[in-house]
Amino acid sequence: MQEGYNFKEIEKKWREFWKKTELYKTDIYTKKNKAYILDMLPYPSGAGLHVGHLKGYVGSDVTARYKRLKGFEILHPMGWDAFGLPTENFAIKTGKDPYTVTEENISEFKKELINVGLSIDWDKEINTSHKDYYKFTQLLFLKLYKKGLAEKKKSPVNWCPSCKTVLSNEQSIGGVCERCDNQIEIKIIDQWYFKITEYAERLLNDIPSLKWPVSTKKMQEKWIGKSKGAEISFKIENKDFNLNIFTTKPETIYGVTFIVIAPENTLIDKITTKEYQTDVKNYIKNISPQSEIERKKDVKTGVFTGSFAINPINNNKIPIWIADYVLMEYGTGAVMGVPAHDKRDLLFATKHDLKVEFVLDENIKDYKQSKMIIGEYKGKYVEEVRDNIIKDIKGAKHKTEYKLRDWSISRERFWGAPIPIIYCDQCGEVPVKESDLPVILPDDITNYKPTGVAPLTKSDQFMNTKCPNCNGDAKREAKTMDTFVDSSWYYLRYIDPYNKKEFGNKDSLNKWMPVDLYIGGSEHAVGHLLYSRFITKFLYDEGYLNFSEPFEQLKHVGLIYGEDKRKMSKRWGNVITAKFVLDEYGADVTRLYEMFMEPFEQYAFWNTNAIIGVKRFINRVWKLQYIISKKEHPEETIATNKLIQKVDEYIKKGKYNLSVSEYMKYMNKIEELGSITKENFEKFLITLSPYAPFISEELFSILGHNESIHLSSWPQVQNNSIKETHITLPVQINGKLRGTIYIEIDSSEKTVLEKINKDDKLSQKIDLENIKKVIYVKNKIINILN
RNA sequence: GCCUGGGUGGUGAAAUGGUAGACACGCUAGCCUUAGGAGCUAGUGCUAAUUCUUAGCAUGAAGGUUCAAGUCCUUUCCCAGGCACCA
């Protein structure tokens, strides 16, 4: 009587065994080659872990286990992005404190991740909300501060009226809050910034060297948004100052018919003439409360200032307007209006009856192919004359602009790392001494409710301190850091998580970094991934690291949607929890199915019905132990070699779905042959073990091994073993498939034609006497043209 | 509008320019079973017919290159994701 496969007992047994034997512990000081396989730091939300979260973790675990079998020392850690708004909001809602909420969520997440059989070294677990971690987040702040790369400035910020906090540009894409989808307002307040813009050029230049998805690299390039052009200074009639504009097409200066400045531009008061003051005030009053999203209209509103500028190339007098289609944040907050060669300027000119003057015979397909039609350089291509024109314009210079803005990092919320700054009446803004870190979050706050004022101001215990300079009474900065700061350096901490003095031991960091394979969702294409690159470059400059890119290879995991094709969410009731699938089908089946259902990077709709195929497969794997035979079939050897090669290739390429197909093909073959040798069975189990670590471990031990399958080596392909001797060759006649013939491998054209001649069916279809041409690709195809 | 990806059976999907649809789900028939939402066997792109065979048609559409195109080139339509007044 054959026993069925009882995953519940068996998986439990091996989970305990792996824990007890510390099977997945990383030896940081190893002499072996290293591989750092990392998942993006999960946010332990109260909603729990669902099947979509698992997919990425299984993919990285497959790779980690594969590389372990290939003889690498593996660092495959896990931790928690534990600070943040949702936890704080949940705490407010339930009356619990964020510490407890976080602990509960982490423990739930961790349990499921262990159940799924990830080969994680849990000794290296990190938690960004733990003081031993955020001490170094604060240290990072101080290091940046000392280099002038962290600074407080009053500036317009994205404000979420619902979360009552500031958001970064990356968190407010499209003018809505990333967390709650509310519309963003623009507020002008004191905020802390990291000057990522200082690194714009380097962040851009290193993109080509990354083994990342093209789309992500392109997104970063666009986000950084480098444009080369010129800054041109315009004299203003009857005024003693100039107005600077930025343009990428300085050659069109001949066609400037007006100047437009942004409504937020501080020069407006000085430029506006008396008689236009009321108009201008009204205009600005009407547009300023509007959010950016409302400003993105094709209607180009604007108002005349009453003043005129002088075009430096031809001394033409041109009107200066104010319009909200000009953005203060980019360039100089003023543009030259060239309606003939700019769509927006044309819309504006048409609406406000402004002149249109052509400069170029514009080539619609390629601007570079346009020729000048007026001025000194008439008849020449734009590209050749640009530099000369910049030279010709008095007060013009080459200028490069970036769309990238500084990184806003301060938040008016409680559940984050406090910014280590002290305000002293005598000394002003003073950084906390490094030796005084961490600045610990207080435990005397019970009401976190967002009011717009940082909650930490309510804690006297926290706020009151002494000035590190003069020892006088002083107050602490009450804002906390955005969680993206926590996660901008965490990948370093896994290497040396207990280090009390530094981010991590320098030698260890340099040995283990960069991350060899980084797996996570594409939603972090510009936020987290750009911040991490910036921080790595900064720490490189500071001499802590000898590498300047943190993630060598990046792979995105596709989202899993609910069975109803909507995003998995409590709101729709379509969440398939990790717990449910693991309880129902076990870890091996869950893992295999998540890898099998579609290409890894692709989004998918969950389908519980389809999981049965993998379940059947696992049951068949279990039954292989009953058909072990001493006699090896030649086809069995061929199939085994092929399996090893294919799976090897597919894991390397991240084509996880295709390796699962290979296992199934192999299984079909073995069942057809009716037996398998112990040796081949072992090889099969080892190649399967990265995907199905439990059943492969159990069967390996049943085969008599005392040591874990996960400590064995990837099987070798036998080169001198039996190879396929015959193949089926497709036969085409005039380009159409008419049949196949079974031939010896590497047969000559002559042999093949003879064989076709002997084939009753094929020879009837071909006029073998009148062959015009034969195309024979060895072992691939033969095409006979009559 | 711009930047990425994609359009292949009833479904998820495979295919270094060389037998399109591997592998799996589903479906159909049969076996086994008290039962099947378990298991096993066979079949399954579409359309014809003279149906154990054969022919034609099939990878969003239209052209092109080639002995040969899902794959390369040109035009075009549609879908998904991202960005979007960046001068």
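Keep in mind it's a predicted model, so treat the numbers as computed, not measured. Letters A, B, ... are given to chains in the order of the sequence lines, protein chains preceding strands, and every chain is numbered from 1. What you see below is based on every heavy atom in this structure, not just the backbone, and it leaves out hydrogens, waters and symmetry mates.
For Val660(A) and Glu671(A), each mapped to the nucleotide of RNA chain B holding its nearest heavy atom, the one lying further toward the 5' end belongs to Val660(A). In this structure, Asn607(A) and Lys773(A) both approach RNA chain B, and ranking their closest nucleotides by distance from the 5' end singles out Asn607(A).
Between the side chains of Asp345(A) and Tyr325(A), a donor-acceptor pair is found at a separation under 3.5 Å.
The C1' atoms of C46(B) and U51(B) are separated by 16 Å, rounded to the nearest whole Å. The gap from the C1' atom of G12(B) to that of G18(B) amounts to 27 Å, rounded to the nearest Å. For the P atoms, the distance from A24(B) to A14(B) is 15 Å, rounded to whole Å. Nucleotides C25(B) and G39(B), compared at atom P, are 10 Å apart to the nearest Å. Nucleotides U19(B) and A84(B) are separated by 48 Å at their C1' atoms, to the nearest Å.
Side-chain nitrogen and oxygen atoms of Lys642(A) include none within less than 4.0 Å of the OP1 or OP2 phosphate oxygen of A22(B). Distances shown here put every side-chain N or O of Asn657(A) at or beyond 4.0 Å from the OP1 or OP2 atom of A13(B). Side-chain nitrogen and oxygen atoms of Arg616(A) include none within less than 4.0 Å of the OP1 or OP2 phosphate oxygen of C40(B). OP1 or OP2 of A87(B) has at least one side-chain nitrogen or oxygen of Ser227(A) nearer than 4.0 Å.
Under the Watson-Crick or G-U wobble criterion, with both distances below 3.5 Å, G30(B) is paired with C40(B). When both pairing distances are held under 3.5 Å, C46(B) makes a Watson-Crick or G-U pair with G56(B).
The side chain of Lys623(A) sits closest to G39(B) out of G18(B), G39(B), C23(B). Closest approach to the Thr728(A) side chain among U19(B), C67(B), A87(B) is made by U19(B) (side chain taken as heavy atoms from C-beta onward). Distances from the side chain of Gln602(A) to the nucleotides G12(B), C3(B), C67(B) place G12(B) closest. Comparing C83(B), C67(B), G82(B) by their nearest atom to the side chain of Trp223(A) picks out C83(B). Picking from G5(B), A38(B), G56(B) the nucleotide with the shortest atom distance to the side chain of Arg738(A) gives G56(B). Distance from the side chain of Leu737(A) is smallest for U19(B) among the nucleotides U19(B), A87(B), A38(B).
Look at U51(B): its glycosidic torsion is within 90° of 0, and that puts it in the syn range. In this structure G9(B) sits in the syn conformation; its chi angle is within 90° of 0.
At whole-Å resolution of the value, CE in Met597(A) and P in A24(B) are 17 Å apart. Remark: P of A38(B) and CD1 of Ile612(A) are 6 Å apart, rounded to the nearest angstrom. Rounded to an integer number of Å, the gap from Glu563(A) CD to C25(B) P is 17 Å. Rounded to an integer number of Å, the gap from Phe600(A) CZ to A14(B) C1' is 19 Å. Atom OH of Tyr650(A) is separated from atom C1' of A15(B) by 9 Å (rounded to the nearest Å). Here G7(B) presents its P atom at 11 Å from OH of Tyr603(A), a figure rounded to the nearest Å.
Taking the ring axis of Tyr650(A) as reference, the NZ or CZ atom of Lys655(A) does not stay both within 45° of it and closer than 6.0 Å to the ring centre. A cation-pi contact links Lys249(A) to Tyr367(A), judged by a cut-off of 6.0 Å to the six-membered ring centre and 45° from its axis. A cation-pi arrangement is present between Lys565(A) and Phe605(A), with the terminal nitrogen or guanidinium carbon under 6.0 Å from the aromatic centre and inside a 45° cone about the axis.
Between Glu221(A) and Lys218(A) there is no salt bridge, since none of the side-chain N atoms of the basic residue sits less than 4.0 Å from a carboxylate O of the acidic one.
A perpendicular orientation is assigned to the rings of Phe358(A) and His341(A), their planes being inclined by more than 60° (bins at 30° and 60°).
Ser661(A) comes within contact range of at least one nucleobase, with a heavy-atom separation under 4.0 Å. Tyr402(A) comes within contact range of no nucleotide atom at all, as no heavy-atom separation falls under 4.0 Å.
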Could you walk me through whether Leu529(A) and Gln220(A) pass the side-chain contact (heavy atoms from CB on, under 4.5 Å) check?
CA-CA 9 Å; Leu529(A) 287 166; Gln220(A) 290 216 349; 3.6 Å; yes
